[in-house]
Amino acid sequence: MHARVNGTEHPLPHDSRRTLLDWLREDLGLTGTKKGCDHGQCGACTVLVDGRRINSCLSLAQLHDGDAIETIEAIGSADALAPLQRAFVAHDGFQCGYCTPGQICSATALMSELAEGWASAVTEDIAAAPVVTRAELQERMSGNLCRCGAYSNIIAALEEVIAAEGPLRIDAEASA
Amino acid sequence: MRLPFSDMYNRPDERNLLDRTGQGLIGKPLDRPEGPLKVSGAATYSAEWNLPNCAEGVLVLASIPQGTVREIHADPVLAMPGVMAVIADKAMVRRSAQGTAGKAPAQDVTTVEYFGQPVAVVVAETFEQARDAALALRVDYDPAEKPVPLDPESPQAEVETPSDSKPIEGGDLDAAMREAAFAIDVSYDTPGHASAAMEPHVTIAEWQDDRLILRGSYQMLSHNVKEIADCLSIKPDKVRIIAPYVGGGFGSKLGITHEAVAAAVAAREIGRPVRVVMTRQQVFQTVMRRSETRQRVRLAADAGGRIVGLGHEALVSNLPQEDFAEPVTQATEFLYGGDNRLLKVEVARISRLTAGSVRAPGEAVGMQVLEAAMDELAEAIGMDPIELRKRNLPATVPVEGTPYSSRMLVEALEAGAKAFGWDRRQPTPCQTREGDWWIGHGVASAARVNMMVPAEARVTLNPDGSALVETDQTDIGTGSYAILGQIAGEMLGLPIERVKVELGDTRLPAGAGSGGSFGAISTGSAVMRACEAIRETLAKKLGCEAEELQLKDGVASGGGKQQPIAGLVQEKPLAETGSIKPGKTAKDFSQASYGAFFAEVAVHAFTGETRVRRMTGAFGFGRVLNAKTARSQCLGGMVWGIGSALTEELAFDLRDGHLVNHDLAEYHVPVHADVPAIEVILLEERDAAASPLQAKGVGELGICGAAGAIANAIHNACGVRVRSFPLTLDKLIDQLPDPFAPATAKVA
Ligand code: FES
Ligand code: FES
């Protein structure tokens, strides 16, 4: 059994108890993905599996045979940051930095979900293309806790990147 | 190099040196230099060091509140795959060390003092093996014969006055209350809180002969070294701690906790490095809690709204013999006038995990209650709550007579009011309705004592014109990397790219550590002094007086001469260690950071659910060292205020003392959806009594009173005054006005 992690094929672990999170951190040394609770309560362990965000602590590694997994390390490195990562630095979208890779992975998936027209619990018209309001972003990021309380800065970073990257429409009035 | 002042900060440094240097780094909203590492997952946190041959330890917690361990059935567990040891060593700790303890907390885990106390550690090859074995370990207990109560309100609970907190008394409060034109006598309660830093507590212990290396998540390394050494009966100089990145602390990592000693003991026993990471549930159950409080506030005012009597009494709790008692009245001592006063804190001795510092101990819960009571007084008088506060700022600290070093409270109230649009607030409740929501606005003052603690830092100016700052100061998200580099760059006239900052290793000079909002001003002052010593040398080399020396963009000038700084250093680097200790300025002045909070809330007319719609905070904390990181500290504090006002509460089961909501699913910290756009205003101020930087602490200010503003806004929205935090919907719903009544409500 194998999974592709950040473009490289790796054999899955033998111990069926090993979570995807512990496999990434302990066996593959990809410690950018964090463990904050190990119970699906904080989002620090968010990674992308076939492009969708999941809490990697809630998933056993052996369930990922054939999957393509992306972690924060694939999104951008310290000397080649992705636009979202740069925006996090510029807007101080973190303090201690521990929730940050999870926030960034989550936000990355969020942008594709919006682009694909997924609705959320606060979407007014679920049949229409979602309009990016502050409330939409807050709702869709609420699985990622930040005890340092960098929330408003994270939303500011996200808004900036969404506005720059398009094609999503930011509703300035609704965001205000 | 001799500098014209001692280590002790005895006299305010009025030179305001940082206003005369020319590099232009101080106060600038520079990005955190470690930011790229953090956003790319490349910063190494404590659990992430890859040590060859490292074994995994998992703690086992007591399942009874009090008693002794009769037997640990280790054998069946030792037969499980990969399991190497089951350890319950006498050196292991029952409690966490308090901040700055510098010595071992209560040791010996054969006695159980509270439900959830660690009693053993299981060590195995892999985490999964250790976790399964820890779950399978059977422990037999003998219950305590004379248990202490589980409930601070129990009549059996012994109540003491803490040793370091004498009541403050003046005049005759009872008489003042009787005779006052307006008198408020109210009781509030606040629940226990958890720090809940996102990174769980962790230690990797490695012995190299008789030397111990710990990679761990701690806030105050130079104290932590002494604590762990004392636990293990070894010399502190045999211990090294490495902690370059700490995933938040908020008080919970001030002193060493159980996993550190367990890892060290286990590593010694099995002769391999051992990592012990606490589970989230263990962090909640065993590390540290903020005490719940019951507070009585009495306010007596004359017809003009001047406070003539002020009482603030609190009951908090802790384990027997524990020195720490939540200093609830700390800011009440100096904030408002009223010569007839009684301030006191008492502590009930109970069986719950150690109570200690959680972000802004004292003010976090004391200020939110005092500020809610002030709102009640303003309402009774019929006076604008901002006016009431402005009218009651004493000239010197009541009873003591100490002068204030600086106090920007009026400025904060005014700047905040203007930005927030306070003039549009309806003074009486239940005036604004938007659909199903009542809208209201509230204000509160912010105050937090300012502290300096001893700190050292080394600065090296290299022949290539770059500089290195070194100290064991931690950066727990506070911005130490950014700020210390800015201070050195400013003092040495170097662009920020030329300054490197190394932190979090006890081989470096002992910084202040992160806690009590004192890290930046204490360690920052040490950096500044090291730079001053270097400047003296540079001045001499250039041939000018130190006062004339100007350093900018790598060029030194003064006395009509000019030369590149690198040229002055020549081949040997210039290294100086700066040091500062609190001195007479700490006693001669009342030092605090101040501010004001403004909140707009919506309260659902049918369910009582409260949403914070916007918040403004204005703060004065001396010189701003980095406007970006300081703003984030304020923001973060206000987010804590939202949690404290609306959701956060530790719930203990009073039958067996177990913490019911011991994880992030049940202990509700604010999430993205709970936090609106928050506006932060930083006020310019210089406070020379506080530090040579003229800066004061800001790390905790943003929480100190924030929940009070929200409580006051709720009352303004729907007319309900709840005196029990958090202000959850169940406490509001039966007092809400009839949602169908046309009443006075205007639809906005
Ligand atoms: S570690 Fe997976 S959600 Fe917290
Ligand atoms: S940055 Fe510290 S928890 Fe989010």
Side-chain angles (χ1 to χ4, degrees), chain A residues 15 17-18 22 25-26 29-42 44 71-73 75-79 81 84-86 88-90 92-101 104 122 134-135 137-155 176, chain B residues 29 31-32 34-45 47-48 50 126-129 131-132 195-200 245-250 277 279-281 475-479 628-629 631-633 635-640 663-665 669-678 702:
Chain A
D15 193 332
R17 297 168 296 185
R18 184 138 281 203
D22 286 329
R25 280 171 66 84
E26 308 307 329
L30 295 170
T31 53
T33 309
K34 304 302 177 193
K35 186 189 282 191
C37 71
D38 220 6
H39 277 60
Q41 302 168 348
C42 76
T71 67
I72 186 72
E73 286 88 350
I75 289 179
S77 63
D79 39 20
L81 296 177
L84 195 53
Q85 292 170 313
R86 274 203 302 276
F88 264 66
V89 174
D92 218 25
F94 59 93
Q95 294 191 47
C96 78
Y98 199 77
C99 73
T100 313
I104 291 172
V122 300
R134 191 189 163 89
L137 298 178
Q138 285 177 264
E139 169 65 22
R140 290 163 190 259
M141 287 299 290
S142 279
N144 290 84
L145 307 187
C146 176
R147 189 52 160 164
C148 294
Y151 295 124
S152 342
N153 292 349
I154 293 170
I155 297 298
Chain B
D31 294 345
R32 292 169 200 261
E34 82 285 13
L37 291 178
K38 285 181 174 172
V39 299
S40 62
T44 306
Y45 294 83
E48 298 164 359
N50 187 8
T126 71
F127 168 63
E128 289 80 3
Q129 290 166 341
R131 182 186 56 193
D132 281 8
S195 291
M198 290 309 299
E199 179 200 26
Y245 299 103
V246 177
F250 312 111
V277 189
T279 65
R280 175 54 64 189
Q281 291 75 7
D475 188 329
I476 62 171
T478 38
K628 187 174 286 191
T629 58
R631 178 176 172 275
S632 288
Q633 289 281 44
L635 271 180
M638 287 161 80
V639 171
W640 277 58
D663 60 26
L664 294 166
V669 306
V671 304
H672 273 285
D674 298 320
V675 179
I678 295 176

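First the proteins, then the strands, lettered A, B, ... as listed; each starts at 1.
- Put simply, of A/R140, A/E73, A/Q85, the one with the most heavy-atom pairs under 4.5 Å next to chain B is A/Q85.
- The part of B/Q281 that comes within reach of chain A is its side chain, from C-beta onward, which places non-hydrogen atoms under 4.5 angstrom from that chain.
- With hydrogens and angles ignored, the 3.5 Å screen pairs a side-chain donor or acceptor of B/R280 with a backbone N or O of A/G36.
- Heavy-atom pairs under 4.5 Å with chain B peak, among A/T100, A/D92, A/D38, A/I104, at A/D92.
- For B/D663, the parts sitting under 4.5 Å from any heavy atom of chain A are the backbone and the side chain alike.
- Looking only at heavy-atom pairs under 4.5 Å with chain B, the residue among A/A150, A/G93, A/G32 that has the most is A/G32.
- Between the A/Q138 side chain and the B/H672 main chain, a donor and an acceptor come within less than 3.5 Å of each other.
- Residues A/C96 and B/Y245 have side chains not in contact (no heavy-atom distance under 4.5 Å, counting atoms from C-beta outward).
- Comparing A/T31, A/T33, A/L84 by heavy-atom pairs within less than 4.5 Å of chain B, the highest count is held by A/T31.
- In this structure, the side chain of B/K628 engages the main chain of A/A90 through a donor-acceptor pair within 3.5 Å.
- Per-residue heavy-atom pair counts under 4.5 Å with chain B were compared for A/T71, A/I75, A/L30, A/L81, and the maximum is reached by A/L81.
- Under the 4.5 Å side-chain criterion, counting only non-hydrogen atoms from C-beta, B/W640 is in contact with A/R147.
- By the salt bridge (Lys or Arg N to Asp or Glu O under 4.0 Å) test, A/D22 is found to be paired with A/K35, residues two or more places apart in sequence or in another chain being considered.
- In summary, the side chains of B/S632 and A/N153 do present a donor paired with an acceptor at a separation below 3.5 Å, with no hydrogens or angles considered.
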